[in-house]
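All values below come from the heavy atoms of this structure, side chains included, with hydrogens, waters and symmetry mates left out.
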Amino acid sequence: MANAIEWFEGGFDAALEAARAAGRPLFLYWGAVWCPPCNRVKYEIFGREDFPAKLQSMVAMQLDGDSPNAQALAARLKLRSYPTMVMYRPDGSEITRLPCELDGELFGEALMAARFAGHTAGESMAAALDGKRALSPSEWTLLSNYSWDTDEGVLLHGRDLGVTLTTLSQLAAAAVTGEAPAAARQVEDAATRLRLHAMVAQAGRVVDASSPEFLLKVLGDKRVARANMDIFGNSGHQLVRAAPARHAELAAAMAATAQVWAEDMWLSAPDRLTAVRLQVRMSRMGHVADGLPQLVRTRVQQALALVDDKYGRHTLVNTAVSALNDAGLHAEAEALLQSVLVESHAPYYFKLSLASAAKRRGDLPGMLDWYEKAWRSAVGPATRIQWGATYLSALIDTTPGDTARIEAAAAALEQDFANAPDGFKQRNLTQAQKLVAKLPAGLALADTLRAGIEHR
């Protein structure tokens, strides 16, 4: 393909050396084959015709979580959540981490803003917090577009996320005064996005009496609301829940905005369906909408008919299943999952969803069978460890007396850890730490995990 991304072939250190030699930044994508947000990124962002050109001024590298020693490298680079996207200077210092939830157009804008930023996100945050210099509008934009969910302590260094974001949003709001109109709007947009992030981070912990009016103001501005569609789509229910006295009013405003996005043909099918799901969530929070189950059913069918790209369908099916379940259409969600097992490039992911469906129905044997099928068919060392730990943990929780099945699963999972050269690094280590605490005494796997955790 003429517009294909030219991914660097080789390891991270070689990619960084190539970036250093060329005097260009390094763009790193960390993900997994089965991960729905990763598939969304491949479809919605990487799949855009204009995106490869944006990467031509950088060295671009993909790192799959199941590639050899990927988890060990991820531990070194502080990568954990799939997907994480990082831009580095040629000297190896991080410029920023970019949010996967933005749509393709907005992500492209954020990418290029970071590409030509005069400072790193870390430098800008330090300057904002210590007050030693004023930040430029582009620096506030850089901070507002930072992927706080995948920070892994790179910027925060132990700081409370909600408090830090609240402080930054307040500083950005104060910086609006004195700017020229265009710059003032840029800083105000950054302050708005930072405050929304802060509200999500502090939902359930901090009550802000001014938040309902703020949310209504944002939702009432089509441009600003659209720029923050990712936050509303993923966390709108949390924002409404944080203002219990005005649930119905906020839910109605958010549902109306979501309806506009659901009907916007300029958005991708997965993003439009995310908006439909937001409508459903608002209906469960006080905004009653007639005929919503049928609307969801229709929107799901329409969306599935539009997308045949394997990445697009993977993320679309995942969103469709969530929307159907939220609308109470559990049988239809389960039927959809069953129907895509043959076509999917990562069917083992959807088998986990079928396990959850069986659990919802109270079918615990069915749940365990689907967990086992998911694990047995999973591909990749890190994925097999994660899926196997999920299955074994479910066995122990629901059928602790089934010694033979538990022992068989433990022995096979022990082999999965042995097959992974970085079996006790990063995500693999997390699975080992969660599992070892609940393993019955006498299992060889327990000794293996304890030894691996101790000597990691």
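By the 4.5 Å heavy-atom criterion applied to side chains, V240 and M254 are counted as neighbours. Within the 4.5 Å cutoff, the side chain of L304 has heavy atoms near those of the L336 side chain. Taking the side chain as every heavy atom from C-beta outward, P137 and V187 approach each other to under 4.5 Å. In this structure, the side chains of T430 and R80 come closer than 4.5 Å at one or more pairs of heavy atoms. Looking at heavy atoms from C-beta onward, N228 lies in side-chain contact with I231 at the 4.5 angstrom threshold. Between F107 and V41 there is no side-chain heavy-atom pair separated by less than 4.5 Å. Side-chain contact between L155 and W148 is present, with at least one heavy-atom pair separated by less than 4.5 Å. Side chains of M199 and F214 form a contact here, defined as non-hydrogen atoms less than 4.5 Å apart.
Side-chain polar atoms of T298 and Q294 form a donor-acceptor pair below 3.5 angstrom. Between the side chains of R281 and S322, no donor-acceptor pair of N or O atoms lies under 3.5 Å. Side-chain N/O atoms of S147 and D149 include no donor and acceptor closer than 3.5 Å. Side chains of D416 and W375: a donor on one and an acceptor on the other come within 3.5 Å. For the residue pair S377 and K351, a side-chain donor N or O sits within less than 3.5 Å of a side-chain acceptor on the partner.
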Review point. Would S57 and R115 count as a side-chain hydrogen bond (donor to acceptor under 3.5 Å, both in side chains) if you check the C-alpha gap in whole Å, the side-chain angles of each, and the deciding distance to 0.1 Å?
Key: CA-CA 9 Å; S57 64; R115 166 68 178 87; 3.1 Å; yes
| request: Given salt bridge (Lys or Arg N to Asp or Glu O under 4.0 Å), test R76 with D13 step by step and report yes or no. | output: CA-CA 12 Å; R76 169 185 151 195; D13 291 324; 2.6 Å; yes
Evaluate the criterion side-chain contact (heavy atoms from CB on, under 4.5 Å) for residue pair W140 and Q186; output intermediate values, then yes/no.
CA-CA 8 Å; W140 285 119; Q186 184 178 353; over 6 Å; no
* Where do R223 and R185 land on the side-chain contact (heavy atoms from CB on, under 4.5 Å) test, with the steps shown first? -> CA-CA 12 Å; R223 181 190 66 83; R185 188 173 82 166; 3.5 Å; yes
### Task
For the pair R272 and D264, evaluate salt bridge (Lys or Arg N to Asp or Glu O under 4.0 Å) and give the outcome as yes or no after the intermediate values.
CA-CA 7 Å; R272 294 201 303 275; D264 186 348; over 6 Å; no
**OP:** Starting from the C-alpha separation in whole Å, work towards a yes-or-no answer on side-chain contact (heavy atoms from CB on, under 4.5 Å) for Y29 and C38.
**Re:** CA-CA 9 Å; Y29 161 80; C38 300; 3.1 Å; yes
For K54 and E109, what are the C-alpha separation, side-chain angles and deciding distance, and is it a salt bridge (Lys or Arg N to Asp or Glu O under 4.0 Å)?
CA-CA 10 Å; K54 289 181 167 60; E109 293 174 2; over 6 Å; no
Salt bridge (Lys or Arg N to Asp or Glu O under 4.0 Å) assessment of E213 paired with R246
CA-CA 10 Å; E213 293 302 330; R246 302 180 69 174; 2.6 Å; yes
Does the side-chain contact (heavy atoms from CB on, under 4.5 Å) test come out yes or no for D66 and V33, once each step is laid out? CA-CA 9 Å; D66 282 305; V33 170; over 6 Å; no
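Of all the heavy atoms in G312 and P270, the pair that sits closest is O-CG, 4.2 Å. Across all non-hydrogen atoms, the minimal contact from I5 to P52 is CG1-CG, 3.9 Å. Across every non-hydrogen atom of A201 and L165, the tightest pair is CB-CD1, 4.4 Å. Nearest heavy atom pair, residue V276 against residue A262, reads CG2-CB, 3.7 Å. Residues P293 and L329 share a closest heavy-atom pair of O-CD1, 3.6 Å. Scanning both residues, E101 and R40, for their nearest heavy atoms gives O-NH2, 3.2 Å.
Using a 4.0 Å cut-off between charged nitrogen and carboxylate oxygen, D160 and R205 count as a salt-bridge pair. The pair R195-D208 meets the salt-bridge criterion, with a side-chain N (NZ, NE, NH1 or NH2) lying under 4.0 Å from an Asp/Glu carboxylate O.
Rounding to the nearest 0.5 Å places OH of Y82 at 6.0 Å from OG1 of T383. Note that CG of D230 is 7.5 Å distant from CG of L106, once rounded to the nearest 0.5 Å. Expressed to the nearest 0.5 Å, how far CZ of R299 lies from CG of L292 amounts to 10.5 Å. Going from atom CZ of R20 over to atom CZ of R89 covers 13.5 Å, rounded to the nearest 0.5 Å. Expressed to the nearest 0.5 Å, how far CG of L77 lies from CG of L63 amounts to 7.5 Å. Separation of atoms CZ (R159) and OG1 (T164) is listed at 6.0 Å; rounding is to 0.5 Å.
Of the residues V224, V218, N145, L143, the one that meets the side chain to side chain contact (heavy atoms under 4.5 Å, CB included) test with R193 is N145. Only one option out of L26, V59, L28 pairs with L16 in a side chain to side chain contact (heavy atoms under 4.5 Å, CB included); it is L26. Considering D189, D103, D221, D271 in turn, D103 is the only one that fulfils the salt bridge (Lys or Arg N to Asp or Glu O under 4.0 Å) rule with R226.
The main-chain N or O of T120 is found under 3.5 Å from a side-chain atom of E123 such that the two form a donor-acceptor pair. At distances below 3.5 Å, not a single donor-acceptor pair connects side-chain atoms of E334 with backbone N or O atoms of A357. Not a single donor-acceptor pair under 3.5 Å links the side chain of E332 to the backbone N or O of L324. Side-chain N or O atoms of N325 include none that pairs as donor or acceptor with a backbone N or O of A333 at under 3.5 Å. Checked by atom type and distance alone, the side chain of N428 pairs as donor or acceptor with a backbone atom of D422 at under 3.5 Å. Under a 3.5 Å cut-off, the side chain of R313 and the backbone N or O of V307 do form a donor-acceptor pair. Although no hydrogens or angles enter the test, the distance criterion places no donor-acceptor pair under 3.5 Å between the side chain of S235 and the main chain of F232. No donor-acceptor pair closer than 3.5 Å links the side chain of S344 to the backbone N or O of L341. A side-chain donor-acceptor contact under 3.5 Å links E44 to the backbone of G104. The closest donor-acceptor contact from the side chain of N318 to the backbone of P36 lies at 3.5 Å or more, if one exists at all.
Taking the six-membered ring for Trp and the full ring otherwise, W387 and W34 have centroids separated by under 6.0 Å. Not less than 6.0 angstrom separates the ring centroid of F46 from the ring centroid of Y311. Not less than 6.0 angstrom separates the ring centroid of Y43 from the ring centroid of H314. A centroid separation of 6.0 Å or more is found between the aromatic rings of Y88 and F27.
Under the 6.0 Å distance and 45° angle rule, R97 does not count as a cation-pi partner of Y146.
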